[in-house]
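What follows is a single structure, written as structure tokens, with notes after it.
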Amino acid sequence: MRVARWEWLDFALPEARFRVTCSAGTYVRTLAHDLGQALGVGAALAALRRTRSEPYGLDRAVPLADLDRLPADEALARAGVPLEEALAMLRR
């Protein structure tokens, strides 16, 4: 587990918003819980939104409503990932 970046987006007690960049296998809910314990106040996530999971990110996402109306080849062109790229992070 590695946290490369932690950015506070909003801090209005009793709630706070943050963005974290972390390695695979990092449990963000546990990070929040542990931070709350360290501060002696407790903490839990009200929401969690994953914006990237290599090689997939929201920058290539197609909204669900668009999937119903777009031809398959267009949806694939917008959001598809070549097989070599999709498998690049896996060991041979």
Side-chain angles (χ1 to χ4, degrees):
M1 170 181 90
R2 185 175 75 87
V3 174
R5 186 180 70 156
W6 185 298
E7 175 186 2
W8 290 104
L9 303 174
D10 186 31
F11 204 84
L13 293 176
E15 295 188 359
R17 290 181 53 229
F18 64 91
R19 178 178 295 129
V20 65
T21 303
C22 56
S23 64
T26 302
Y27 292 94
V28 177
R29 287 181 178 88
T30 301
L31 289 175
H33 175 267
D34 291 350
L35 178 61
Q37 277 197 319
L39 295 173
V41 295
L45 295 184
L48 176 62
R49 181 178 183 200
R50 183 180 301 230
T51 59
R52 179 152 211 81
S53 183
E54 291 298 333
Y56 309 100
L58 292 181
D59 54 323
R60 294 167 94 164
V62 176
L64 191 55
D66 289 356
L67 287 178
D68 287 336
R69 66 170 187 78
L70 288 175
D73 58 334
E74 188 177 336
L76 202 55
R78 284 177 51 186
V81 175
L83 187 57
E84 304 80 39
E85 186 180 340
L87 300 178
M89 79 286 307
L90 299 176
R91 288 184 273 179
R92 292 187 179 269

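Residues take their numbers from the sequence shown, with the count starting at 1.
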Do L64 and V62 share a hydrophobic cluster (ILVMFWY, side-chain heavy atoms under 4.5 Å, transitive)?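 Yes, same cluster.
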Begin with the C-alpha distance, continue with both residues' side-chain angles, and end with the deciding distance and a verdict on side-chain contact (heavy atoms from CB on, under 4.5 Å) for D59 and R52. CA-CA 9 Å; D59 54 323; R52 179 152 211 81; 3.4 Å; yes
Which atoms form the tightest heavy-atom contact between A43 and A32, and what is the distance?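 What the structure gives for the nearest pair is CB-O, 3.2 Å.
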Which heavy atom of A75 sits nearest a heavy atom of L67, and at what distance?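 Closest approach of A75 to L67: CB-CD2, 4.0 Å.
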With side chains defined as the heavy atoms from C-beta onward, is the minimum distance between T51 and R19 less than 4.5 Å?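 No, every pair of side-chain atoms sits at 4.5 Å or beyond.
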Cluster partners of W8, using ILVMFWY side-chain heavy atoms under 4.5 angstrom, listed by chain and number? M1, V3, W6, F11, L13, F18, V20, V28, L31, L35, L39, V41, L45, L48
Under the side chain to side chain donor-acceptor pair (under 3.5 Å) rule, collect the residues that match up with S23, sequence neighbours excluded. T26
Please name all residues satisfying side chain to side chain donor-acceptor pair (under 3.5 Å) with R29, sequence neighbours left out, ordered by chain then number.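 With neighbours one apart ignored, the set is empty.
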Can you tell me how far apart OG1 (T21) and CD (E7) are? Round to the nearest 0.5 Å.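 Between T21 OG1 and E7 CD, I get 8.0 Å after rounding to 0.5 Å.
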So, taking the atom named CG in D73 and the one named CZ in R78, what distance separates them when rounded to the nearest 0.5 Å?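 D73 CG to R78 CZ: 12.0 Å, rounded to 0.5 Å.
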Would you indicate whether R2, at its atom CZ, is surrounded by more than 12 heavy atoms from other residues, nucleotides or ligands within a distance under 6.0 Å?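 Open: at most 12 neighbouring heavy atoms sit under 6.0 Å from CZ of R2.
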